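Order of the sequence lines sets the chain letters (A, B, ...), proteins ahead of strands, with each chain counted from 1. What you see is a predicted model; the values in this text were computed from it and never measured.
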Amino acid sequence: MSQDQDRTVSLQLTARMSLLPVATHCVETAGKAFGLGREESLKLSLATEEIFSYLSSHVCRGDILDIRCVNGLSYVRVEFRFSVSTLDMGALNIAASVDCENEDDMAEMGLAIASRTIDRLNIIAERQNRICLDIEKDKNYPGVPEITNAPVDVKGALTVETPDTEGVKLYVTRVAQGPPDTLRPPFFQYPGKVADMVTAGDCQVVTAVDARGECVGGVIIRFRTDRIVEVFGPHIFCRTREDEVAGLLLDACIAKTVRTKAIGLVNLTGMPPSVQLQFELLGSLRYYWDDDKTFTRQWYYRLLHEDPGCQVFTDGVLKDYLQREYGRLFLAREIREVRDQGEMKAGASIFSTEIRREGSMAIMRPLWPGAFSRKKLSKTSFFHSTWESPGTHRS
Amino acid sequence: MIEPNLDLLVPAYVREFEPYIPSKPDPELQKLYGCDHLYRLNNNENPLGPPPGAQDVIRRFPPPRGAVYPSGDSYYLRQEIAACHGMEPDQVLVGNGANEVIAFVIKAFCGQGDNIITADKTFAVYEWVAVFSGIEARVIPLKEERFDDRAMLNSIDAATKVIFLCNPNNPTGTYWSRETLIAFLDEVGGRQIVVVDEAYFEFVEAGDYPDGMSLINDYPNLIVFRTFSKMYGIAGLRIGYLAGDLKVVDMIRRTCVVYSVNGIAQEAALACLRDETGHIRRTRDLVREGKEFLCAEMGAMGLPVNAGEGNYLIVKLPGSDTLAYRKLMHEGIMIRPMTGFRYPNHIRVTLAKMDAMEAFVTALKKILA
């Protein structure tokens, strides 16, 4: 049996409530077999129960439903595949609140519960009207001990390398033991988790070593989508030759991604000033905390190829903003305005939500377009942050 | 309507391959970027166009001949090429641009589990064709901007079938001397096919630069590529060729699609070979003038330049090359950003006529100001 086959469990069944125990039992058992703890397996099973119930009652009752559990090494993913013509699962917006006034609201309550028990949610429209809704639950890993490391003295020639498992853990540990950073992704707290992510192919790590083999820096790259690669770092562990180390690491990132499907790199979590010149400033996000403190983080991107130019379709509200921003970024775009002319729309739009419990933060990303009515909007509590473009204030 | 299941029908190595998106036609680009002119300094085209004889062929091509199939194997052209190099016509295969002959070679020699060896910073098509054919491409980092002969030799294993060298290299303009190439061929010892792509052969004036054609008799595992797209200025007609040992070429012929080279291209290429008007000298003069001018201007701007052989040079910028591409496009200048060649923050500029060179310098000064 191949490694891929070892890491998946598939189940095909009819979307009927009578088969609910089959689905939940399968997911719970697979979760345990794939290394989730008891509590995480149960949460995944609970989310499965709510999603299966909703699908078999409101979305694809009596139709074929494919459930696939995937061992992502650092997480377990459950995929629900079904066919629909319209989709309204707005309650999956993790920040949405649900009324409990009638039976339909109770069904949405189930989805809201499902969305809150898992770590990530994603929805993909596939071919032939197929929808893939997937949920993920992370495994638990031991954290990094709180020790402060002295900067490394660089000796001799520098090289970049793809580290083995121990090298990955060493790099991640050094990052975590460096200066604190609220926006650093939580996986940097768990070296074993990053090692599993690398093994699973979810991300790649490149490190820079000096002539003695001492790790003097590193960087993580991860495909955020098929087309966009997110760069975490470069992180530098030395006081001298920082620019050289950062430049080498960034060049290695580009070499690894430039002949893939990626069209660009983004950095949302900060990088050394010396490599910022190689990126373009996309904008900045100001974060507001409960104690009225704020801080701003700049977001950068870099295209890997010639931009071919394209058309952009947008609501009129955003037209001027887009024109100004595309102009600032020298991106040739023909902006076309779309208007609501009474045509039928899908149900509620859906946002994916990534929970960062350590940072008291949730990141919402638009997943599914739909009629996000004012009523729905008013039931959604947005996190308090402000996007700023260079040269503008709180646009 | 039942849609085909492309996940099952298409091999993973094709599904995963990112297709190359060529740039839009000039009028579309000018509209998109709002510029009233466009200097094409991105594809190493010859701004002088084809030699006069080839221009005459194109001008006089009788329209009714459009209905007639061309020679399926470029019969007369192969005879002429063979005569130029002192070989048999059957040692030559003509393709729809040198890109097509790359595909012929990989199809002829590589099967599942095999690999090819090339460099990381070189013409990308060797790597692309291998990858979307399910063949491993081993890309060896350049050493001091040159193909690293030792590292390439060390990468050879039992599954290595073809080694691709680009001489002079696009985009670095560096080349292997005759001595280096011969030493490499000696070490390979006929166990692998060695392809030497000489797309920019006619531009090179260095005395120790080897003519690969002259080595075919001694090294039957050597295949040499040439093209009519660069020096001879008929890139729009798509025609290039390979030459090699009779038995080797006979094998490649099995994977060659006949009738892929159109009639005008064949006749124009013949006229290129017969040119006696000094087309190569004129082009070399133009390239030399452009190179000297750009080297001086870039030097004055404090920008490092890599100006080797060929009708192009590389400029290192202080920031992103893909951003510079977009800014220059708004100024009506089209260059090649080098990130795709694994040279981030570098641009390759075709050496062209002085009006284009001056416009490029003006635009570059403006965007870097």
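To the nearest 0.5 angstrom, B:Phe17 atom CZ is 11.0 Å from A:Thr260 atom OG1. To the nearest 0.5 angstrom, A:His305 atom NE2 is 10.0 Å from B:Ile21 atom CD1. The distance from atom CG of A:Leu265 to atom OG of B:Ser320, rounded to the nearest 0.5 Å, is 9.5 Å.
For the residue pair A:Asp251 and B:Pro344, the shortest heavy atom distance occurs at OD1-CG, 3.3 Å. Scanning all heavy atoms of the two residues, the minimum distance from B:Arg326 to A:Leu303 falls at NH1-CD1, 3.2 Å. Taking each heavy atom of A:Gly309 and B:Leu32 in turn, the nearest pair found is CA-CD2, 3.5 Å. The two residues A:Val258 and B:Thr339 make their nearest non-hydrogen contact at CG2-O, 3.1 Å.
Remark: A:Arg227 engages B:Glu18 in a salt bridge, criterion side-chain N to carboxylate O under 4.0 Å. The existence of a salt bridge linking B:Asp321 and A:Arg302 is confirmed by a sub-4.0 Å separation between a basic side-chain nitrogen and an acidic carboxylate oxygen.
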Take B:Arg342 and A:Arg259 through the test side chain to side chain contact (heavy atoms under 4.5 Å, CB included) and record every step on the way to the result.
CA-CA 9 Å; B:Arg342 301 188 176 98; A:Arg259 291 191 184 166; 3.2 Å; yes
Can you check side chain to side chain contact (heavy atoms under 4.5 Å, CB included) on A:Gln278 and B:Asn345, steps first, answer last?
CA-CA 7 Å; A:Gln278 297 192 37; B:Asn345 308 324; 2.7 Å; yes
Test side chain to side chain contact (heavy atoms under 4.5 Å, CB included) applied to B:Met329 and A:Phe330, step by step:
CA-CA 9 Å; B:Met329 282 299 289; A:Phe330 293 91; over 6 Å; no
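Using a 4.5 Å cut-off between heavy atoms, B:Glu28 does not touch chain A at all. Of the two parts of A:Glu280, only the side chain, counted from C-beta on, holds a non-hydrogen atom closer than 4.5 Å to a non-hydrogen atom of chain B. Only the side chain of A:Ile254 comes within contact range of chain B, with at least one heavy atom under 4.5 Å from a heavy atom of that chain. Only the side chain of B:Lys24 comes within contact range of chain A, with heavy atoms under 4.5 Å apart. Looking at B:Pro141, neither its backbone nor its side chain comes within 4.5 Å of chain A, counting heavy atoms on both sides. At a 4.5 Å heavy-atom cutoff, A:Leu250 makes no contact with chain B through either its backbone or its side chain.
If you tally non-hydrogen atom pairs under 4.5 Å between each of B:Gly319, B:Gly340, B:Ala124, B:Ser23 and chain A, the highest count goes to B:Gly340.
Counting heavy atoms from C-beta outward, A:Glu306 and B:Met334 have side chains that stay 4.5 Å or more apart.
Within a 6.0 Å sphere centred on CD of A:Gln12, other residues, nucleotides and ligands contribute more than 12 heavy atoms.
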